[in-house]
Amino acid sequence: MRLSAARELAAPAERAWSLLVDWPRQGDWMPATTVRVAGTGSSGAGTRLRAVTGVGPLRIVDTMEITDWDPPARCVTRHTGRVLRGEGIFEIRALSTDRCRLTWTEDVQVLRLLDHAPVGFLARRLGEPFLARALARFARILANSTPSMKGDR
């Protein structure tokens, strides 16, 4: 199943990248999600992440490994968990010196449940609005952040 959302941002690509790959802060803009780095290192290919999305007992643990790292343009994660498999792709394209476009694509399989048409339809109907809502929150946080964020020097 492929899900995708994109958003134009009023910030330079480098500043958007700094917020995007601040893994512990992803919970600020991804609804009902906490993210932490698992193991050593905090960025680059080979970095492992653990995200938990949901509320109470209704949650998904998503383990990932960064497989492609090209700052400030592209980060690809491979979902390695029991529930989610596939890739997550973040791409940032500079539009000008102070604007960029962030595209988030998830190409995932969720167990075997998505092989059944009604479940897959429901997952797509909920998945893309989740991505779009997260990117809207990301844009608001980015607009309200100061240019002195880590990595903006």
Side-chain angles (χ1 to χ4, degrees), residues 1-7 9 11 13-93 100-116 119-146 148-152:
M1 171 179 59
R2 178 170 276 238
L3 305 170
S4 189
R7 181 93 182 194
L9 305 168
E14 294 80 10
R15 196 159 124 235
W17 178 266
S18 289
L19 179 61
L20 178 69
V21 299
D22 185 346
W23 307 118
R25 285 205 62 201
Q26 281 196 349
D28 294 348
W29 55 273
M30 281 190 197
T33 300
T34 58
V35 180
R36 69 175 177 82
V37 176
T40 60
S42 63
S43 63
T47 299
R48 291 178 298 128
L49 307 168
R50 183 177 190 272
V52 178
T53 301
V55 179
L58 301 174
R59 59 187 186 152
I60 295 174
V61 176
D62 181 14
T63 55
M64 297 164 272
E65 180 178 352
I66 297 173
T67 59
D68 187 1
W69 182 260
D70 183 18
R74 182 177 165 88
C75 176
V76 178
T77 61
R78 181 171 37 97
H79 297 279
T80 60
R82 291 184 300 159
V83 176
L84 286 175
R85 297 287 181 153
E87 285 188 330
I89 304 161
F90 292 110
E91 295 176 299
I92 297 177
R93 184 171 53 92
C100 63
R101 182 170 190 80
L102 171 57
T103 302
W104 179 7
T105 303
E106 291 288 341
D107 194 358
V108 295
Q109 297 97 28
V110 182
L111 297 175
R112 294 267 179 203
L113 293 176
L114 294 184
D115 290 341
H116 303 287
V119 176
F121 174 78
L122 180 61
R124 279 187 289 284
R125 296 283 295 191
L126 297 174
E128 288 193 338
F130 177 90
L131 299 184
R133 181 174 176 209
L135 291 185
R137 289 171 72 168
F138 182 90
R140 280 193 301 276
I141 291 167
L142 186 62
N144 292 322
S145 68
T146 61
S148 62
M149 289 176 58
K150 179 177 137 182
D152 275 355

Subject >> Shortest non-hydrogen separation from P72 to A13 and the atoms involved >> reply: CB-O, 4.1 Å
Original post:
Once you round to the nearest 0.5 Å, how far does CG of L20 lie from CZ of F138?
Top reply: 5.0 Å
**OP:** Work out which heavy atom in R137 is nearest to a heavy atom in D28; give both atom names and the distance.
**Re:** NH2-O, 3.3 Å
Subject >> Close side-chain approach of C100 and I92, heavy atoms under 4.5 Å >> reply: yes
Original post:
Can you tell me how far the CH2 atom of W23 sits from the CD1 atom of I66, to the nearest 0.5 Å?
Top reply: 4.5 Å
**OP:** Indicate the atoms forming the closest heavy-atom contact of A16 with L9, along with that distance.
**Re:** CB-CD1, 4.0 Å
Original post:
NE2/H79 to CZ/R85 distance, rounded to the nearest 0.5 angstrom?
Top reply: 11.0 Å
Original post:
Could you state the interatomic distance from CH2 (W17) to SG (C75), rounded to the nearest 0.5 Å?
Top reply: 5.0 Å
Original post:
Taking side chain as C-beta onward, heavy atoms only, is E106 less than 4.5 Å from F130?
Top reply: no
Please tabulate, for the side chains in residues 44-58, all donor-acceptor contacts under 3.5 angstrom to protein atoms that are two or more places apart in sequence or on a different chain.
residue: T47; atom: OG1; partner: S43; partner atom: N; Å: 3.4
residue: T47; atom: OG1; partner: S43; partner atom: O; Å: 2.9
residue: T47; atom: OG1; partner: G44; partner atom: O; Å: 2.9
residue: T53; atom: OG1; partner: T33; partner atom: OG1; Å: 2.9

**OP:** Verify side chain to side chain contact (heavy atoms under 4.5 Å, CB included) between L102 and L135, making sure each step is shown before the conclusion.
**Re:** CA-CA 8 Å; L102 171 57; L135 291 185; 3.5 Å; yes
**OP:** To the nearest 0.5 angstrom, please state how far the CG atom of L19 sits from the CD atom of Q26.
**Re:** 8.5 Å
**OP:** Write down the atom of E128, the atom of L3, and the distance for their closest heavy-atom approach.
**Re:** OE2-CA, 3.5 Å
**OP:** With rounding to the nearest 0.5 Å, note down the distance linking CG in D62 to OG1 in T80.
**Re:** 7.5 Å
Original post:
Within the distance-only criterion (no hydrogens, no angle test), does the side chain of R15 pair as donor or acceptor with the backbone N or O of L142 below 3.5 angstrom?
Top reply: yes
Subject >> Other residues, nucleotides, ligands: >12 heavy atoms within 6.0 Å of R133 CZ >> reply: no
Original post:
Considering all heavy atoms of both residues, which atom of A5 and which atom of L131 are nearest to each other, and what is their separation?
Top reply: CB-CB, 3.7 Å
Original post:
For E91, which of R74, R7, R101 qualifies under salt bridge (Lys or Arg N to Asp or Glu O under 4.0 Å)?
Top reply: R74
